[in-house]
Amino acid sequence: MRAARLLQILLLLQNRGRQTSVQLADELEVAPRTILRDVDAMTEAGLPIIVFQGNQGGIELGFNYRTRLTGLAEDEAKALGLVLAAENPMIDALGLRQAAKQARAKLIESFPDRTRTHITGMTARFTLVPEIRADDPRIRALALAVQDCKTVRIRFTTKAEQTIYPIAMEMTSQTWKVKDELTGSWIEQIDWGRVNVSAKRFSME
């Protein structure tokens with residue numbers, strides 16, 4: 001248990017840079033004093049851990065230290081393989097299928113041989129094909145509006161026209177929903193009507 005936590009601390013410091021003991025403790029769900037003991041153990045093991053004191057202090061890796069360890073156990077690697085094997089309609093909705101394919105290949109290749117073998121073994125054996133497809137052009141239009149924080153009018157040119165600030169989208173087994181920041185409500189795909197995406201952006205509070 002502690003060995004896994006030490007490795008996770010190492011990876012967090014490597015990927016996020018300087019962290020406080022409180023930040024690490026929150027991430028790992030332990031007490032800050034436990035983190036400090038772990039840091040002492042890592043230092044004694046020869047890892048270049050640097051602790052800075054004061055208000056701007058924290059813990060970081062020195063000398064541009066990098067590790068190729070992934071921290072993935074065999075079952076974690078297999079679980080990741082299943083995640084990567086599942087087709088995600090949201091990728092198509094954003095027009096990112098080719099980018100996702102390239103990112104997936106790069107991610108798998110970044111792992112050590114044994115971990116990569118577990119991942120590719122699962123992706124080769126299991127596939128999840130979603131029941132619904134992103135063949136409604138409004139899905140991509142709204143998805144892009146969510147990304148770019150653009151104002152949208154749904155049920156455009158009807159008496160029920162509504163201006164929304166789309167901040168999130170959700171896909172269920174049957175349909176899609178978009179969340180409106182103005183009302184805090186989710187709007188079902190069946191209620192979108194004609195969609196008009198404005199060039200006007202809204203600010204996230």
Side-chain angles (χ1 to χ4, degrees), residues 1-91 94 96 99-123 126 128 143 146-149 166-172 177 179 181 184 186 203-205:
M1 184 70 176
R2 189 187 189 196
R5 189 173 66 244
L6 294 178
L7 180 55
Q8 194 168 355
I9 291 174
L10 179 61
L11 292 171
L12 286 169
L13 294 177
Q14 175 176 288
N15 295 330
R16 302 185 187 181
R18 185 180 300 186
Q19 299 283 297
T20 67
S21 60
V22 173
Q23 288 174 317
L24 291 172
D26 288 344
E27 186 73 28
L28 299 175
E29 299 181 348
V30 296
R33 62 179 177 274
T34 300
I35 296 296
L36 295 177
R37 287 196 296 267
D38 288 344
V39 167
D40 287 340
M42 294 167 74
T43 302
E44 291 174 5
L47 292 170
I49 306 288
I50 302 175
V51 179
F52 296 90
Q53 304 295 330
N55 293 334
Q56 302 300 317
I59 304 163
E60 68 177 42
L61 286 172
F63 309 107
N64 295 316
Y65 180 85
R66 304 287 293 178
T67 178
R68 287 203 63 197
L69 292 173
T70 66
L72 292 185
E74 180 179 338
D75 58 347
E76 293 172 334
K78 289 180 177 180
L80 179 59
L82 291 176
V83 171
L84 295 176
E87 292 189 21
N88 188 338
M90 291 185 181
I91 291 175
L94 290 171
L96 295 174
K101 181 179 179 181
Q102 294 170 348
R104 177 179 178 274
K106 289 178 180 178
L107 176 62
I108 293 174
E109 189 59 35
S110 70
F111 288 102
D113 292 344
R114 185 171 181 176
T115 302
R116 188 166 62 249
T117 297
H118 290 313
I119 293 173
T120 55
M122 296 301 280
T123 58
F126 301 96
L128 173 64
V146 168
Q147 288 188 104
D148 297 335
C149 296
I167 58 172
M169 293 186 72
E170 180 179 291
M171 184 196 72
T172 67
K177 297 187 290 186
K179 187 171 185 179
E181 187 184 44
W186 288 91
S203 60
M204 295 285 291
E205 296 297 335

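No experiment lies behind these values; they were computed from the predicted model shown. Residue indices begin at 1 and follow the sequence shown. Both backbone and side-chain heavy atoms feed into the values below; hydrogens, waters and symmetry mates do not.
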The residue among Leu47, Ile49, Val39 that forms side-chain contact (heavy atoms from CB on, under 4.5 Å) with Leu13 is Ile49

Nearest 0.5 angstrom please: [X] [atom1] to [Y] [atom2], how far?
{"X": "Arg104", "Y": "Thr123", "atom1": "CZ", "atom2": "OG1", "answer": "5.0 Å"}
{"X": "Leu107", "Y": "Leu80", "atom1": "CG", "atom2": "CG", "answer": "6.0 Å"}
{"X": "Leu82", "Y": "Ile119", "atom1": "CG", "atom2": "CD1", "answer": "10.5 Å"}
{"X": "Thr117", "Y": "Ile108", "atom1": "OG1", "atom2": "CD1", "answer": "11.0 Å"}
{"X": "Leu12", "Y": "Arg5", "atom1": "CG", "atom2": "CZ", "answer": "12.5 Å"}
{"X": "Thr20", "Y": "Asp26", "atom1": "OG1", "atom2": "CG", "answer": "7.5 Å"}

Test: Asp40 and Arg37 ion pair at under 4.0 Å | no

(message) Between Met169 and Met90, is there a side-chain heavy-atom distance shorter than 4.5 Å?
(response) no

I'd like to check Ile35 versus Ile59 (side-chain heavy atoms, cut-off strictly below 4.5 Å). Are they in contact? yes

To check you understand the geometry: which heavy-atom pair defines the closest contact between [X] and [Y], and what is its length?
{"X": "Ser21", "Y": "Pro32", "result": "OG-CB, 4.1 Å"}
{"X": "His118", "Y": "Ala77", "result": "CB-CB, 3.8 Å"}
{"X": "Phe126", "Y": "Ala85", "result": "O-CB, 3.0 Å"}

* Check Gln19, Gln8, Arg16 against Glu27 for a side-chain hydrogen bond (donor to acceptor under 3.5 Å, both in side chains) and give me the one that passes. =>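 Answer after filtering Gln19, Gln8, Arg16: Arg16.
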
*asked:* Could you check whether any side-chain N or O of Arg18 sits under 3.5 Å from a backbone N or O of Glu60, counting only pairs where one atom can act as donor and the other as acceptor?
replied: no

